[in-house]
Amino acid sequence: MYSTDISNKIMEKLEQIVEDRNELNMIVELLRTEKRYTHESGDTPHTVVKQDFQLLLDKYFKLPPKDSDNER
Amino acid sequence: MSDFDIKFGPWLNYGKSKIGTEMEELTTKPWSPFNGCDIAQIFIYCMAYAFAKGKIPKKPPSSGGGSMPASAFKRDMRDFMKALAVAHTKDLNVMADPKKVVQVAEGYAFAGFPEVYNRIKYPEKDSTTKSILESILQEIESAHNRKET
Amino acid sequence: MSDKIRINSIELQNYRQYYGKHKVELSSRDEGFTVIAGKNGEGKSNLLNAISWCLYQQEPHGMKDLPGHRHENMSLPVINNRYITELDEEKRGNTSVKIWIEKGDTIYSISRVLTVIKHKLEFKYLDDGKKVLRIAQDAVDKVPQGCEVIPEQSNFVIKKKGPQDVDFADTYKDRYPNALMDEILPKNLSKYFLLDGEFLEGFWKDSKTIQTGIEQISQLHLLNSLETHLVEMCILPKGVDRKTDTLTTRINQTLWEEKSLDEYGNEKWSQELRWKSDMNEKDTYYHASGKPLMDELEEDISNMEERITNISVIIGDSNSTNMRQLKQNKIDTESAISKEKENMEETGKKYSYNLITKSPYVFLKDAIEDSVCTIEKRMAAGDLPIRQRRQFADDLLKRNTCICGESLASDTDDHNTNKRRSNIEGYKNKIIGADDLDAAVDMKYDFNHDFVNCYDDFLKNNFGKPRIQLAESTKEYQRLTEVLRWINTQLKDHDGTKTQELINEQEYLVQEIQKMRERISSIKIKINQNSNTRSNLKIELDKVRKKNEKIRKLVHGYETWTRIKDHIHEAYEELKKDIRLEVQNNTWKNFNELLSNPSEFNHFTIDSDYAVYLLDKHDINKIRNLSAGQSLILTLAFVAALREPTGYRFPLVVDSPLGKIDGGNRYNIGTRLPEYLPDEQLTLLVTDTEYTANLPPDTEHPNIPDTPVAKLLDTKIGLKHFMIKKDKDGPNTGNSNILPAELKFDKDRKAWLLSVDV
């Protein structure tokens, strides 16, 4: 069940395209972040974007240990 | 009545005078509606034109020789000359005097020739060989109609 | 689906022509429509302005300041005139608009207050001594000159009350008000739910309006901006490890070649022109390499094969019996032309001959008539013909007897002794030589016969008829010449020369197709090679990266962002097209249902660049030439269409929905509007004329009932009415009030009216 602040149309399309659950969850959060940016006045600085996105990356795709066999 | 021998002045002869040159042009040039015609036909045409336009007959120069035989003029042409002579002299008896008839005819022809030549040689814009003669005919016909009304 | 949203109520205080406090409670969609009626200039459009001013501090509707008229502006101050006049100098006063919006199960109280200190008001004095209040130019909100805005006491505040809350709470600590407002009802979407029916012509003039509507309401703009940010995240910084960089570059190069991109990610094109079947089409170029090039070659091969087939059909046609028929027609026409040419020349010659030889008759008409007349007189007098007199004399002499019986014989043979005989001989001698005059008689007969007695016929036969014959012959000749020219053109199209050209084209196309197929094979081989190379390079890159932790982290991020970016890109491209087409098709469907004469228009398209085309029957794009009524209907259709694929919710306020609309369309709107946007709150600001007057007769729709739009709506949906009434006397003259009203039938006037509850 996804937040109603992202349209159903977009959600349905993403579910079609994105097979990985983690990726899908991350994309939803990324879109919410984008939505927050649009409501703020002025352009969001790149450093802020990078920081926010990095946090999400760490949350959903934490870097596996060096010798892990699960590495992509 | 016997045909008379019409002794015309040298002004009608080919190539010996200015008019002679112009006459040659009218009978040979492609722009002339008289191209291929006899000199006699041009003579009669100019004569009749001069009468219709009310021109005064002019005595042509008499130097030199040359003549046109009566056979060059068909019967209707001779009748034209006679009618003209009668109208000019107001005397029917002139018909019995061929010399006089020719004199009158020549006078008119010589008076009319220059204008006829110029109208053909220097026509109005967009005229054709036929349309020059057509417009002359229409002018004179209109003048007759105006006179009658 | 976004939350249901409605405007619960609007409260104005000393705003424009509303002196004091005025509150309007709007009905929900379940309850029906809210209709607020008022005459022109009484404050309808300012209600729309009030909503817009409160939410966004803008008043887009109605008159604006004209450029070059900075000191003689047309707009009125935001603060009510009576209020500011009554306010003492150096005292504070304010104007405010408050709106309650319910979104989902949360109610927002949104208020905007403008506070001023009134100093001495400034006026401009006219030539006749009258004074005009000056309005300050530079403020965002228009106030009288002499009033000073106090920013610290002017504010924009949003409070909210959730389902569990007892009272409204400030939201300032959580979000800035403007940002929160944008979440509730975004400012850049206000043109899609606050519609001014009188100013909609400009709606369709700019494709950006359509793009914003579609992309922002459907949130596609989020995908677009996310993709932009992800592109920045996908850049693998250089210089961290040279070997990694080199391998990465080589991998990228194989990708670029495969996708025909340059190192900056832009599409790469060759200088080679693409084949086109229609010379009038614009020139296009092939991509430089890879799959895009392969796709283009395949497409062109398919088009060429189609052209080859078409050529075969054309060549087949040209060998039909048509050509034999044409050739026969040519022979017949040439023969007719030849005959007509002869005829033309002959009639021409005859006419020319007549002009030369018969004209002298006309020229000498007077002379001929005179001579004929003279001859006839002489003949009547017995003078002519002379030969008759001579013949008579000869006869007498031969008979030797006169007609009186006297003898004319001579006594002797050698000389004449008879006096009478001598007289006759003398008479005969006198007239000898005058024979020539007898020719005049013949001449007279000839002239009479040929000319004098038949002048009109003479002209007709010698000039009129030949001229006509020549003209007809010439016309016929020209016609036949034209026919021959046409036949020759037809033959040329069918003859061997044209056929050979087509055959040559076919052969050329076959060769080109062969070459293209070979190229496609080469490209496929190259793609495979690239893929293998890429795989090997990746393996090598992985090995290198595993050794360096920093690079590992960067690469991990890069790879993840690249995957996400690709997903977003794919979703964006597909959704853009899907939503655009859905909005396009729904707009067209809605438009046809709302418009009373949909047959005028044939087709509606929103192109991929958001350019809009509304074509009539002659394929002319009428989108920039719509009437105000058509523009409003199309906008309503579009707004309804936007809602369907996006699920976006908004309350709709429409000012003057019927003002510029004819009878047929008003009827349609009155009967169909209740079905539109079934879950959205709809508020209409109308004039009484457009709302309660009977529908105007429409010759194209003779079955329109004699009833007002109000009753049409009333039969289908609940209506809550208000009237704006301007005071005409007393201290409040010129100011307006919003009062509840009822729709009633006035029996005296036999008309439906809105009357204010007393």
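Quick note on labels: first sequence line is chain A, next is B, and so on, each numbered from 1. All values below were derived from every heavy atom in this structure, side-chain atoms included, with hydrogens, water molecules and symmetry-related copies excluded.
- For H144(B) (side chain) and V362(C) (main-chain N/O), a donor-acceptor pair under 3.5 Å exists by modelled atom type.
- When each of V86(B), I44(B), D79(B) is checked for heavy-atom pairs under 4.5 Å with chain C, D79(B) comes out on top.
- Heavy atoms from other residues, nucleotides or ligands lying under 6.0 Å from NZ of K617(C) number more than 12.
- The most heavy-atom pairs under 4.5 Å with chain B, out of D366(C), L470(C), V372(C), D370(C), come from D366(C).
- Using a 4.5 Å cut-off between heavy atoms, Y455(C) contacts chain B through its side chain alone, with no backbone atom that close.
- Crowding of E346(C) atom CD: a count of heavy atoms from other residues, nucleotides or ligands under 6.0 Å not exceeding 12.
- At least one side-chain heavy atom of M47(B) sits under 4.5 Å from a side-chain heavy atom of L364(C).
- Taken from NZ in K358(C) to OH in Y45(B), the straight-line distance is 14.5 Å, to the nearest 0.5 Å.
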Q41(B)/Y353(C) under side chain to side chain contact (heavy atoms under 4.5 Å, CB included): CA gap, chis, key distance, verdict: CA-CA 10 Å; Q41(B) 283 172 313; Y353(C) 177 78; 4.0 Å; yes
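- To the nearest 0.5 Å, atom OG of residue S352(C) and atom CG of residue N35(B) are 10.5 Å apart.
- Around NZ of K121(B), the count of heavy atoms belonging to other residues, nucleotides or ligands within 6.0 Å exceeds 12.
- Expressed to the nearest 0.5 Å, how far CD of E134(B) lies from CZ of R467(C) amounts to 5.5 Å.
- With rounding to the nearest 0.5 angstrom, the CE atom of M95(B) is 5.5 Å from the CD1 atom of I375(C).
- With rounding to the nearest 0.5 Å, the separation of CD1 in I132(B) from CG in L355(C) is 11.0 Å.
- Heavy atoms from other residues, nucleotides or ligands lying under 6.0 Å from NZ of K53(B) number more than 12.
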Evaluation steps, salt bridge (Lys or Arg N to Asp or Glu O under 4.0 Å), between D446(C) and R75(B): CA-CA 10 Å; D446(C) 287 343; R75(B) 181 177 156 152; 2.4 Å; yes
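- Between R378(C) and N93(B), some side-chain heavy-atom pair lies under the 4.5 Å cut-off.
- Contact detail for S371(C) and A83(B): the closest heavy-atom pair is OG-CB, 3.6 Å.
- For Y361(C), the parts lying near chain B are the backbone and the side chain together; criterion is any non-hydrogen pair under 4.5 Å.
- A 6.0 Å sphere centred on CD of E124(B) holds no more than 12 heavy atoms belonging to other residues, nucleotides or ligands.
- Ring orientation note: the planes of Y49(B) and F363(C) are nearly perpendicular, at an angle over 60° on the 30°/60° scale.
- Here the straight-line distance linking atom CG of L137(B) with atom CD1 of I356(C) works out to 12.5 Å at 0.5 Å rounding.
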